[in-house]
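Inspection log for the structure reproduced underneath, given as structure tokens.
Proteins come first, then strands; the chains are lettered A, B, ... in the order of their sequence lines, and each starts at number 1.
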Protein chains: 2
Amino acid sequence: MSPQARRSARRTEALSRERIVDAAIAVLDTAGEGGLTFRALSEHLATGPGAIYWHVANKGELLGAATDAVVAAALAATPPRTAPDPSPQERIRAVALALFDAIDAHPWVGVQLSASAWQVTTTPRLLESTGRQVRAMGVPRAEWFTVTSVLVQYILGAAAQNAANAQVLGPDADRDTYLDDVARVWEALDPEDYPFTRVVGDQMRGHDDREQFLAGVDLFLAGITARWPPAS
Amino acid sequence: MSPQARRSARRTEALSRERIVDAAIAVLDTAGEGGLTFRALSEHLATGPGAIYWHVANKGELLGAATDAVVAAALAATPPRTAPDPSPQERIRAVALALFDAIDAHPWVGVQLSASAWQVTTTPRLLESTGRQVRAMGVPRAEWFTVTSVLVQYILGAAAQNAANAQVLGPDADRDTYLDDVARVWEALDPEDYPFTRVVGDQMRGHDDREQFLAGVDLFLAGITARWPPAS
DNA sequence: ACCTGAACACCGTTCAAGT
DNA sequence: ACCTGAACACCGTTCAAGT
């Protein structure tokens with residue numbers, strides 16, 4: 001609204017890739033994915049749209065760098081110790097929750113991660129922090145890659161979908177009435193075609209996204225333990 | 001390149017929402033998500049960009065309708081019977097693979113599904129076809145919604161990420177050399193920080209995406225069976 | 001080396017005007 | 001009721017020109 005105010009306030013330091021990425025994250029968080037514009041961003045940085053291209057190749061690279069920064073921060077922030085010597089399962093839950101919360105706080109990260117994922121800098125980070133625990137759970141070496149990949153895919157995919165759903169709702173709307181609306185639609189479906197969905201509609205009403213996400217992680221871990229029981 | 005050729009060929013029937021959605025799917029499949037433009041689409045349909053708005057509210061609704069059409073077709077196409085009387089597990093695998101293949105063939109569906117998912121027409125379809133099998137596996141009624149949701153989230157999330165990876169590669173590039181390149185990068189990481197990722201790099205080299213996806217489904221099913229053993 | 005800002009090609013969407 | 005196509009506001013990106 002008043003670009004002048006911002007324009008004079010900032011711009012003591014020179015432009016840098018890091019400052020650009022930080023500003024991009026700020027814009028993405030406040031204005032959403034559609035709000036990240038080179039014009040809006042350059043206004044934030046008190047410069048012209050062309051200046052950004054000196055430090056960043058294009059919008060895709062900028063989104064990738066912003067995503068990587070958020071994921072790195074989420075994985076670096078060690079969660080408060082719940083146990084003095086956490087089990088691999090507890091560590092995996094902690095990593096999963098850290099990612100869930102980060103994606104919940106920055107929904108655009110979810111879209112980005114499940115739409116590009118592999119190869120980028122982010123992937124080794126994720127693989128490493130979950131893979132070590134998979135190894136510690138006694139999964140045979142030959143299955144390390146498969147099991148870890150699948151686990152990471154669940155974590156990212158589920159977190160992304162949750163964030164997207166939360167996004168649709170918006171921060172102001174009432175979650176309970178929203179869920180109730182959806183439940184009503186489900187319960188009104190054709191009994192012939194949708195017997196299960198009709199029954200399950202009511203269960204959706206009060207559910208907690210975080211709990212459901214963790215239940216999925218636990219189901220995965222239970223599957224791993226069932227397939228490769230710990231040598232007791 | 002030669003819009004005239006197309007323009008005179010079509011346009012015997014009137015425009016309709018269905019024809020627009022079909023054309024949108026064709027454009028998305030050939031030109032990718034970025035290729036779907038109201039101008040490109042209207043050229044395909046031998047009409048003006050404004051005409052589409054009579055049948056479709058906006059681009060978001062069009063993408064949603066296209067996604068729903070693809071998912072509905074994937075779920076409707078009954079996979080070839082592998083067993084005369086398939087178990088719930090086999091049915092779930094079949095549904096999961098049908099979705100995996102559909103998303104692999106139409107990568108834009110993955111992005112769309114994991115970025116909007118809930119509430120749309122598509123969700124009840126997915127919930128219903130997997131939920132019935134979850135019920136048949138003996139999961140207690142109180143857990144139906146959680147277990148089914150989590151399973152669907154894995155299927156959609158993993159399929160979307162796989163499709164995105166395949167997309168990055170492109171249809172012409174050699175998959176083996178690409179995987180080899182990524183493996184090399186992983187194997188060159190700092191041994192202090194990335195011991196696991198370095199070891200696992202080689203396992204990624206020859207892996208099959210479909211097999212890995214199915215391994216994830218099986219891990220889930222194993223977890224369900226472990227938690228709620230069938231009353232034998 | 002780094003920044004400026006006008007310019008280019010393109011996009012989603014609207015809407016007066018037609019049939 | 002349905003379609004046309006020009007017009008609007010906006011976007012990512014480029015690039016000659018400046019410092």
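Heavy-atom contacts from other residues, nucleotides or ligands closer than 6.0 Å to CD of A:E18 number 12 or fewer.
Ring geometry, A:F220 versus B:F220: the interplanar angle exceeds 60°, so the pair is classed perpendicular (tilted spans 30 to 60°).
Electrostatic pairing of B:D202 and B:R205 counts as a salt bridge here, judged by a charged N lying under 4.0 Å from a carboxylate O. Under 4.0 Å is where a charged nitrogen must lie from a carboxylate oxygen, and between B:R175 and B:D208 no such pair does. Between B:D101 and B:R210, at least one side-chain N (NZ, or NE/NH1/NH2) sits under 4.0 Å from a carboxylate O, which counts as a salt bridge.
Put simply, NE2 on B:H55 is 7 Å from C1' on D:dC2, counting in whole angstrom units. Per the geometry, CG belonging to B:L41 stands 16 Å off P belonging to D:dG5, to the nearest Å. Protein atom CD of B:E43 is 11 Å distant from nucleotide atom P of C:dC11, rounded to whole Å. For the pair B:R19 CZ and D:dC2 C1', the computed distance is 14 Å after rounding to whole Å. Protein atom CZ of B:R17 is 14 Å distant from nucleotide atom P of D:dC3, rounded to whole Å.
Using a 4.0 Å cut-off, no side-chain N or O of B:W54 falls inside it from OP1 or OP2 of D:dC3.
Annotated stems with DNA chain D as a participant read C:4-8 with D:12-16, C:12-16 with D:4-8, given as range with range, by first number; only runs of 3 or more Watson-Crick or G-U pairs under 3.5 Å qualify.
With sequence neighbours excluded, the residues that form a side-chain contact (heavy atoms from CB on, under 4.5 Å) with B:A51 are B:L15, B:T47.
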Footprint string (nucleotides 12-19 of chain C, 5' to 3'): B base within contact, S backbone only, - free, heavy atoms under 4.0 Å: BBB-----
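In this structure, A:T148 OG1 and A:E128 CD are separated by 9.5 Å, a value rounded to the nearest 0.5 Å.
Between A:L126 and A:L99, the closest side-chain pair of non-hydrogen atoms falls below 4.5 Å.
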